[in-house]
Amino acid sequence: MPFQQGSARTRQRTVLLVGIVLLLATLVLAVVLASLLTHGKHEDSPKMLKWKDRGTTKNLQEVILGRCYNYITERYPELGDKDCLKIWESLKDAFIYKNPCNITTEDYQPLMELASHPIPCNKSLFWSKTNDLVHRYTKSNQNFLTLEDTLLGYMADRISWCGDPSAPGINYESCPKRSECESNPSSVFWKMASKMFAEAACGVVQVMLNGSIEAGAFRSTSIFGSIEVFNLNPDKVSEVHIWVMHDIGGPQSESCSGHSIQRLKNILEERNFKIICEDNYRPVQLLQCVHNPDHTDCRLCTNSTAVP
Amino acid sequence: MMMSLFLPLLLVSVLFMSSFSEVQGRKWKGEGTTQNLESIAIGRCYDYIRIVNPAVGEKNCSEIWEAFKSAFINKDPCSILPEDYELFINLSLHTIPANKSLFWENNQLLVNSFADRGRRYMSVGDTLFGFFGDFLNWCGQANSSGLDYESCPTTMECETNAVDSFWRMASITYAKHSSGEIHVLLNGSAVGGAYPQPSFFADYEIPNLQKDKISQIVIWVVDDIEGPDLDSCGIHSVKILETRLKTLGYNVTCIDNYKSVVFLLCLDYPDNSKCAVPSSAPAGQRGPISSDRGGSWNKLMFVSFVGFLFRFALVY
């Protein structure tokens, strides 16, 4: 009975084939599921903390290194002995893999020591609520230095950074705002750098304040009002020159005779500093006039002539 | 006796001079490559795209550095042409916003201040490709993949050197991509004329301006505050420039001692008569603590007092 044997074999083969197909299908399904699950896991695994402010600046290392070498080359060749690579490493070590709400001054101590340098006397220029104006001034006039014109400030200006306990240790997505936690990498850095900048000042120091803002030209909550003023050394600093600047055409909310300036004066006098206050310090006002050449406050005795 | 002293002295000084120059070992008369050039250049590239002008978008700064190097590495440092920087320019090129171009001659620091890092104007030094190389120096050497840190050729020694060719290419590119109302700031106190020839502006920028993209050319001729008034609109070299541009078909305006720029120059000379303001209120009142502004003082005290009361009320 060959025919009956043939059909049995065919059935066997069919069963075998079906079994193989089923097995293959199961394998494929398993692989697909596995890859989906692990992909999902990759998305979850960083588990970096989420914050409200912008994250670490991309290519932070290259920017910091470049700025360090650039500063030494362009602005302060006498600092040629500074090791920019070490400076970068010490900055990184201050925050990498750390919870960004637990940063301390000890974290930044090595960086501060490596990157600090002496400031010539009579050149320190402090500021509060005059960021744009004061830096346009020091850029155009090399007689004064703000913190952002020192190596530390120059490297860190307009940059942000923070770490996270999970790999890769740096959070490029977000960083804590001051309102989320005070001991964040940025706040701790700037407070510490400001303190050191004030401590290093000698001779006559200057401060540029904004006499056009409602909240007052001098505020105790500002870095200047809470840290820098109290870290000026009376043995090194002889005088404090205050410049109260008004926006061209802007409100004159306060001037040298104003209430908050009086408070500042009291604090400084108590610490034995001589004080001179000037409204609208002329060279800085000239800079303001660059943007408002036709305003009445900016009339020049000699008129320019236009030749069409 | 004198002769017997003179000859040995002469011999010694000749020997000293020749050994001195040998010890120097300098091939060229110019300064060598800037130290840490690679770190500075790559750092500037990222600084530019992340902080200075993020609007240009993503750029590969390592690739840009390699393209830059390839223009002059392993070549005779006197054989570098502007075209050698073509790849570098292609990779670093970006839009220059209309009406923001600022050309210049003989006043680089002033232009840097006035342009305010691209916020007010975008000079060639405020573009990515210009920012990359500004104030730096570099050159290579034949048969070596290294940079020459000892010396580089000056323009006098050969014009087709790495740095000059870079700026020629940068100037050409900058002019080609400028549009709208363009400005040129010239120094009215410069010896040799406010519009010098030859110069980057005359030879590489003007010929590459795109007439169909430019609506107007505004020339500012500004004298140094304490400098002589050697050149002005309508005379000497400025007249030559105005004529050239008008012949090329451009709308041209010229202004002497444009006020905004004069104010900037006055920063260093606030007491110069050119910088004086007819005083209604005194320009600056030095004096301990209080400054009496006359009639406005009482108003100010009143406003401060009211403000203080208001804050007091808010706090409590």
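Residue numbers begin at 1 in each chain, while the letters A, B, ... track the order of the sequences. Since the model is a prediction, treat every value here as computed from it, not as a measurement. Computed over heavy atoms, backbone and side chain alike; hydrogens, waters and symmetry mates excluded.
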Steps toward side-chain contact (heavy atoms from CB on, under 4.5 Å) verdict (A/L287, B/F263): CA-CA 6 Å; A/L287 186 59; B/F263 278 122; over 6 Å; no

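- With a 4.5 angstrom heavy-atom cutoff, B/S39 touches chain A via backbone and side-chain atoms both.
- Within 6.0 Å of atom NZ in A/K129, 12 or fewer heavy atoms from other residues, nucleotides or ligands are found, so the atom counts as exposed in its surroundings.
- Here CZ of A/R158 is found 14.5 Å from CZ of B/R50. Values are rounded to the nearest 0.5 Å.
- When all heavy atoms are compared, the tightest approach of B/L267 to A/L286 is CD1-CB, 4.0 Å.
- Crowding of B/E31 atom CD: a count of heavy atoms from other residues, nucleotides or ligands under 6.0 Å not exceeding 12.
- In this structure, chain B has a heavy atom under 4.5 Å from the side chain of A/T57, while its backbone stays farther away.
- One finds the CD1 atom of B/I51 at 11.5 Å from the NZ atom of A/K58 (value rounded to the nearest 0.5 Å).
- Crowding of B/K239 atom NZ: a count of heavy atoms from other residues, nucleotides or ligands under 6.0 Å not exceeding 12.
- Contact annotation for B/V262: only side-chain heavy atoms (C-beta onward) come within less than 4.5 Å of a heavy atom of chain A.
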Test log, rule side-chain contact (heavy atoms from CB on, under 4.5 Å), inputs A/N59 and B/C61: CA-CA 10 Å; A/N59 303 105; B/C61 290; over 6 Å; no

B/D116 vs A/R136, side-chain contact (heavy atoms from CB on, under 4.5 Å): CA-CA, chis, key distance, verdict: CA-CA 8 Å; B/D116 196 11; A/R136 280 197 291 134; 3.5 Å; yes

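- Contacts of A/C84 with chain B are absent, with no heavy-atom separation under 4.5 Å from either backbone or side chain.
- To the nearest 0.5 Å, atom CD of residue A/E74 and atom CG of residue B/D134 are 7.5 Å apart.
- In this structure, CZ on B/R117 lies 4.5 Å from NZ on A/K139, to the nearest 0.5 angstrom.
- Within 6.0 Å of CD on A/E270 lie no more than 12 heavy atoms contributed by other residues, nucleotides or ligands.
- Contacts between B/Y46 and chain A at a heavy-atom distance below 4.5 Å involve backbone atoms as well as side-chain atoms.
- The pair B/K259-A/D294 counts as a salt bridge, with a side-chain nitrogen and a carboxylate oxygen less than 4.0 angstrom apart.
- Of the two parts of B/Y269, neither the backbone nor the side chain holds a non-hydrogen atom closer than 4.5 Å to a non-hydrogen atom of chain A.
- The CG atom of B/N36 sits 8.5 Å away from atom CG of A/L85, with the distance rounded to the nearest 0.5 Å.
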Derivation and outcome, side-chain contact (heavy atoms from CB on, under 4.5 Å), residues B/R44 and A/R67: CA-CA 7 Å; B/R44 281 183 180 188; A/R67 283 183 177 190; over 6 Å; no

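- The nearest pair of heavy atoms linking B/L264 to A/S140 is CD1-OG, 3.9 Å.
- Annotation: A/E173, atom CD; neighbour count of heavy atoms from other residues, nucleotides and ligands within 6.0 Å does not exceed 12.
- Taking CG from B/L136 and CG from A/N70, the interatomic distance works out to 7.0 Å, rounded to the nearest 0.5 Å.
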